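Just so it is clear: chains get the letters A, B, ... in the order the sequence lines come, proteins before strands, and each one is counted from 1. For clarity, every value in this text was computed on a predicted model and none was experimentally measured.
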Amino acid sequence: MENLVKEKKILYKPQISEIIEAKMLTDLEKFFRIRLPEGKELGHTPGQFVQVSLFGVGEAPISVCSSPTQKGYFELTIRKVGMLTEKLHELEAGDKVGIRGPYGRGFDVEGFKGKDILIIGGGIGIVPLRSLINYIIDNRNDYGRLIILYGAKSPSELLYQDELKMWEEREDIEYHVTVDRADENWKGNVGVITTLIPPLELDLDNTIAAVVGPPVMYKFVVLALKGKRFPEKNIYMSLERRMKCGVGKCGHCQINNLYVCQDGPVFNYLEIKGLEEAI
Amino acid sequence: MVQENVKVENLKRVEFNEKELRKFIGFLKEKGKVYAPHRKGEKSFAFMEVNDPDMVVFEYTRTILPLKKYFFPTREVLLEFNLKDNSFEIPGISSERKFFFGVHSYDMQSILRLDYSFTKGEPEYNYLTRRENSIFIGISFEPDEYHFCKSVGIAIEDMEGFSLFIDIADDDRFVVFAVDEEGLELLKEFGKKDFVTGEYVFKEREFKEKIKYHYGRLPQIFERCYDFETWKRVSEKCVGCGNCNLVCPTCYCFDMEDDVDLRVEKGVRTRRWDSCMLNEFAMVAGGENFRKEIYQRTRHRLHRKFKYITDHYGAPFCVGCGRCSKYCPAGINIVDVVNDLIKEFEEREKVSL
């Protein structure tokens, strides 16, 4: 048996990290910039997640929303949905959180090189996609077109407002946004995110779609993409599941034979197509 | 997967009587903790630490909980934290030498399967540390109406994983096989001589419970059965209590939780056994539940036993101990479920034997 224990690494040990910036983005989402001990790099790829914990409350998987091209810190955007996230919302700059990770498989940013990238983000799905978007922006010459489709329930729920403005203004980004319900100041598109897909002119053989949103969104986005004859093999999506360990043991995130924390959270559509529990 | 079939005729063996075997347990106790089956109630048994070798039970059906509790405790502290300064400590885990005496082959096989799961990918420090330096001494048994390990490819006399294996040959005659060097050394040190090798015939031991197909054909069933009616039908009785997960020797899902003391200064992060049959198991923040119906959870549990992990491990993860059937409060029998799937498979495929 001795030879089975090759590596004595304790898996559930958090790194106590410092929040260096915290701000509310909307009524529900709070943004955190975090520094690991001794300014260590997280070393993630866009699409990966970390396990965030507060002693006495618990731990939960949260997507990293910053690009690994930003050094010395990483960023999270956390929606208030339960007890842990409620407590996390009380934290400000200078407070500490526990971090484990990064975990999982992110977007294949190497494999995407030279391709047009179509980002489709619904609601807080834009959070992990922001990491990919900023990565592409920082390596702009390595990629073709960058098309961003973003949908939210209402204008007040749009995240990263300053950056949205920048995406809109940049000539090398094609940015389209829609809301389900407009308010009096909204002049843009109204409707669900799938309404942004049909008008797109895409190079079907050379475009990657990165899709993240609420569970209900995936089926409709896939249908809309298929309506454009978009190849299934070029669709990637990130799935959200309950996770406890982050390392393929606890069983919570399992979809059929796949562990979201190890095999995902980013999946190629062909890997999860036909899995009833996936989308 | 390493499926080494130990060749019985090559193993050194030696005979014990009951008194001597109990003395041997006492001898092991001088070397480390010894765990063995004890009577617990009229018809139930449990693995417990041996205090008095005379209390060890040699002939038993199955223990309520399998051996996993020693390597993967029902509840364990992962870290102890201090809320005042956000500091924490990781409690030490002992890897002392210990003996498991009187283990049935299917339970040994379950440990080999857990070894696989806890070693694969990121090695699980906590499990593996407790697991190392464990020595297993197997024993034969008479199958009851729930055992079906033969149907999943595990013989009563399967010696893989053991250091010693005891065949209960007669009332007061125990034939002890030295399966590995460590086992042989123990016997010699105890003072045993006159080892013999050569052909040995085990008693005929009949299984009353059987899966209709050879386990080699089960992947074929589990390739097709996802949409079968059987799942819904067998799940009508299920109350979703998760008992089957707890008593299953190859279930190892867990939950993690923080507990704080009354003064809100210190606390512990613990992990405890969890059950994929419970409603909240696959629920995410915001309320979406990816397996909200009981039949989906039953299907998931059986796929974990016969397909998902099996596909890479190479053998069923179910070891045929019969615990989930015996301890199911609704009387659901796993062999009946698999046989019903086979029946539906045959009806659908119009194949007959």
Handout entry: Best-contacting candidate, B:Glu288, B:His303, B:Arg269, B:Lys266, against chain A by heavy atom pairs under 4.5 angstrom
Key = B:Arg269

Exercise for the section: Using heavy atoms and a sub-4.5 Å threshold, report which of residues 17-27 of chain A line up against chain B, by residue number. Expected result: none

Problem - Interface residue of largest heavy-atom contact number with chain A, from B:Leu78, B:Asn86, B:Asn82, B:Val260, under 4.5 Å - result: B:Asn86

Problem - B:Tyr308 side chain reached by A:Leu258 side chain, heavy atoms, under 4.5 Å - result: no

Problem - Any donor-acceptor N or O pair under 3.5 Å, side chains B:Asn126, B:Glu76 - result: yes

Exercise for the section: Indicate yes or no: at least one non-hydrogen side-chain atom of B:Pro73 is less than 4.5 angstrom from one of B:Arg130. Expected result: yes

Problem - chain B contact via A:Pro14 - which portion, at a heavy-atom distance below 4.5 Å - result: both

Exercise for the section: Could you go through the salt bridge (Lys or Arg N to Asp or Glu O under 4.0 Å) check for B:Glu293 and B:Arg297 one step at a time? Expected result: CA-CA 7 Å; B:Glu293 303 295 338; B:Arg297 304 200 288 273; over 6 Å; no

Handout entry: Heavy-atom side-chain contact between B:Asp258 and B:Phe81 under 4.5 Å
Key = yes

Problem - Pairwise side-chain contact, B:Phe254 with B:Trp273, heavy-atom cut-off 4.5 Å (strictly under) - result: no

Handout entry: Residues of residues 245-252 of chain A within contact distance of chain B, non-hydrogen under 4.5 Å
Key = A:Cys245, A:Val247, A:Lys249, A:Cys250, A:Gly251, A:His252

Practice task
For residues 245-257 of chain B, pull every pair meeting salt bridge (charged side-chain N to carboxylate O under 4.0 Å, His left out), keeping only residues two or more places apart or in separate chains.
Solution key: A:Arg242-B:Asp255, A:Lys244-B:Asp255, B:Glu257-B:Arg272

Handout entry: Within-4.5 Å side-chain heavy-atom neighbours: B:Cys253 and B:Arg304
Key = yes

Practice task
Could you tell me which portion of B:Tyr226 (side chain, backbone, both or neither) has an atom closer than 4.5 angstrom to a non-hydrogen atom of chain A?
Solution key: side chain

Handout entry: Distance-only polar pair, side chains of A:Ser131 and A:Ser66, donor-acceptor under 3.5 Å
Key = no

Handout entry: Pi-cation contact, A:Tyr160 with A:Arg130 (under 6.0 Å, within 45°)
Key = yes

Exercise for the section: Considering only heavy atoms, give the residues of residues 79-106 of chain A separated from chain B by less than 4.5 Å, sorted numerically, with 'none' for an empty result. Expected result: A:Val81, A:Lys96, A:Arg100

Handout entry: Min side-chain heavy-atom separation A:Glu75-A:Phe31 under 4.5 Å
Key = yes

Completion exercise
Counting heavy-atom pairs under 4.5 angstrom with chain A, the leader among B:Lys120, B:Arg299, B:Arg271 is B:Arg299

Exercise for the section: Is it possible for you to check whether B:Lys232 lies under 6.0 Å from the centre of the six-membered ring of B:Tyr295, through NZ or CZ, and within 45° of that ring's axis? Expected result: yes

Handout entry: Test side chain to side chain contact (heavy atoms under 4.5 Å, CB included) applied to B:Phe136 and B:Ser163, step by step
Key = CA-CA 6 Å; B:Phe136 297 90; B:Ser163 289; over 6 Å; no

Exercise for the section: Report yes or no: is the cationic atom of A:Arg241 (NZ for Lys, CZ for Arg) closer than 6.0 Å to the six-membered ring centre of B:Phe290, at no more than 45° off its axis? Expected result: yes

Exercise for the section: Return the orientation label for the B:Phe162 and B:Phe165 ring planes: parallel under 30°, perpendicular over 60°, tilted otherwise. Expected result: tilted

